[in-house]
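Notes for the one structure printed next.
Atoms within each ligand, like the ligands themselves, are counted from 1 in listed order. We number each residue from 1, following the sequence as shown.
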Amino acid sequence: MPKFENATLVERIDLTADLAVFRIAPQTKLDFIPGQFATLALEQSGRLVQRPYSIVSAPHEPLLEFFIELVPFGLLTPLLWELKPGDTLMVRDQAAGTFWLDTRSGLARHMMLATVTGVAPFVSMLRAHAFMLTSDLGADLRFLLLHAASHSHEFGFYRDELAELGQQGWLTYVDTVSRPSDNPDWEGEVGRVEDLIRKYADGSGYDNTNSVAYSCGHPVMVENTRAIMGRARFTKRQIHTEKYFTIKVPNPR
Ligand SMILES: Cc1cc2nc3c(=O)[nH]c(=O)nc-3n(C[C@H](O)[C@H](O)[C@H](O)COP(=O)(O)OP(=O)(O)OC[C@H]3O[C@@H](n4cnc5c(N)ncnc54)[C@H](O)[C@@H]3O)c2cc1C
């Protein structure tokens with residue numbers, strides 16, 4: 001039975017007022033596959049408030065890293081925002097989820113689609129891949145990552161990290177902002193993931209004969225991209241999705 005253990009918040013990097021990177025040291029090392037999530041928890045009024053968070057770090061890294069958005073009226077994130085380095089939180093002693101690199105398909109191309117913090121599992125997969133490449137494992141794999149945000153500062157330092165990995169030739173990293181009028185200095189791509197998938201998939205040779213698609217983050221983007229990839233003849237088994245939350249539709253009565 002999974003249980004919770006204490007962990008220490010070692011480092012917290014605030015990228016914006018409502019986006020932060022948390023690096024934590026659990027009491028016992030957490031085993032996980034890149035792409036899986038950990039469950040973080042804090043106690044409030046004698047109750048444990050727990051939520052899943054994709055792990056950003058790769059298994060070879062010493063600390064567990066998370067990229068988290070503050071949901072102002074949420075139950076857990078406002079409590080996380082009160083934490084400072086040295087404070088204690090809890091982490092479930094087992095990682096979970098099946099959103100990992102699909103190597104069983106035998107397909108060599110992996111197309112990753114993310115909104116803001118939805119990049120987390122992909123960073124883990126790509127850091128792990130870069131680490132493996134030092135021993136030549138997986139040298140035939142290719143990755144395309146489309147990362148969307150409203151504003152350029154929401155990419156944080158992941159933008160530079162991923163662009164640097166892109167220099168190695170096995171990753172095409174495209175970051176795009178959906179509100180160009182708020183980003184006057186932005187010279188990169190403009191639009192949502194949905195607007196750009198076909199341009200980059202077709203342009204870089206990612207199709208249903210050679211690729212797996214993954215989509216993570218905002219539920220609307222996940223559903224839209226699932227439909228777009230379906231129309232591009234990707235089968236259900238070639239599309240992997242992770243929705244971070246659901247949008248509640250108000251009851252009409
Ligand atoms: C597998 C998985 C992995 C996840 N990984 C991450 C991650 O890496 N980083 C991360 O920031 N979140 C991630 N989430 C979302 C996270 O688990 C929480 O739902 C989120 O942090 C809000 O928690 P809360 O308790 O503060 O708000 P809640 O009390 O759970 O939510 C309050 C309301 O806000 C809505 N809501 C929740 N999240 C958002 C959001 N981002 N934007 C708008 N509305 C929202 C909920 O639907 C709910 O109606 C993940 C979710 C899943 C299922």
Side-chain angles (χ1 to χ4, degrees), residues 2 4 7 9 11-24 26 30 32-45 47-58 61 63-83 89-92 94-101 112-128 145 147-151 153-158 161-162 178-179 192-193 214-224 226 239-251:
F4 282 89
L9 176 62
E11 194 179 4
R12 168 180 169 169
I13 303 166
D14 288 279
L15 303 174
T16 67
D18 55 10
L19 279 174
V21 175
F22 292 80
R23 294 199 177 115
I24 70 167
L30 185 75
F32 65 95
I33 300 170
Q36 283 194 301
F37 63 83
T39 306
L40 301 183
L42 284 166
E43 231 176 68
Q44 194 189 37
S45 314
R47 285 189 52 213
L48 207 59
V49 186
Q50 50 177 292
R51 296 284 183 269
Y53 292 96
S54 303
I55 303 167
V56 177
S57 41
E61 295 182 74
L63 298 177
L64 284 181
E65 180 174 322
F66 300 94
F67 182 20
I68 301 181
E69 178 173 351
L70 172 66
V71 176
F73 300 104
L75 286 181
L76 183 62
T77 49
L79 301 177
L80 288 174
W81 250 249
E82 286 171 18
L83 297 179
L89 68 163
M90 275 168 277
V91 60
R92 208 169 186 164
Q94 285 181 17
T98 56
F99 191 75
W100 50 54
L101 204 64
M112 300 165 158
L113 312 167
T115 49
V116 195
T117 54
V119 80
F122 301 135
V123 174
S124 180
M125 293 177 202
L126 295 167
R127 283 184 188 174
L145 169 54
H147 188 192
S150 303
H151 304 97
H153 51 252
E154 292 170 336
F155 298 121
F157 56 78
Y158 297 113
E161 177 182 347
L162 293 162
S178 60
R179 293 193 198 155
R192 295 172 190 273
V193 172
Y214 309 80
S215 157
C216 181
H218 196 287
V220 173
M221 184 282 286
V222 170
E223 274 315 312
N224 288 344
R226 191 206 298 273
I239 307 172
H240 302 277
T241 60
E242 188 95 286
K243 285 184 195 171
Y244 277 179
F245 59 99
T246 49
I247 295 175
K248 291 191 184 98
V249 180
N251 189 333

Would you compute the distance between atom OG of S215 and atom CE of M221 and round it to the nearest 0.5 angstrom?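 Between S215 OG and M221 CE, I get 4.0 Å after rounding to 0.5 Å.
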
Distance in Å, L48 CG paired with T39 OG1, rounded so as to fall on 0.5 Å steps: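 Going from the CG atom of L48 to the OG1 atom of T39 covers 10.5 Å.
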
Report the relative orientation of the aromatic rings in F122 and F99; use parallel for angles under 30°, tilted for 30 to 60°, perpendicular for over 60°.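 Correct class here is tilted.
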
If only side-chain N and O atoms count, and only distance matters, is there a donor-acceptor pair under 3.5 Å linking Y244 with S54?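 Yes, side-chain donor-acceptor contact under 3.5 Å.
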
Considering only heavy atoms, which protein residues lie less than 4.0 Å from any atom of ligand 1?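 The 4.0 Å shell around ligand 1 contains F37, R51, P52, Y53, S54, F67, I68, E69, V71, G74, L75, L76, T77, P78, T117, E242, K243, Y244, F245, T246, K248.
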
Among all residues two or more places apart in sequence or in another chain, which pass the side-chain hydrogen bond (donor to acceptor under 3.5 Å, both in side chains) test with E11?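 Testing E11 for side-chain hydrogen bond (donor to acceptor under 3.5 Å, both in side chains), a comparison that skips the adjacent residues, returns R23.
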
Are the aromatic ring centres of F22 and W81 under 6.0 angstrom apart?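 Yes, they do, as the ring centres are separated by less than 6.0 Å.
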
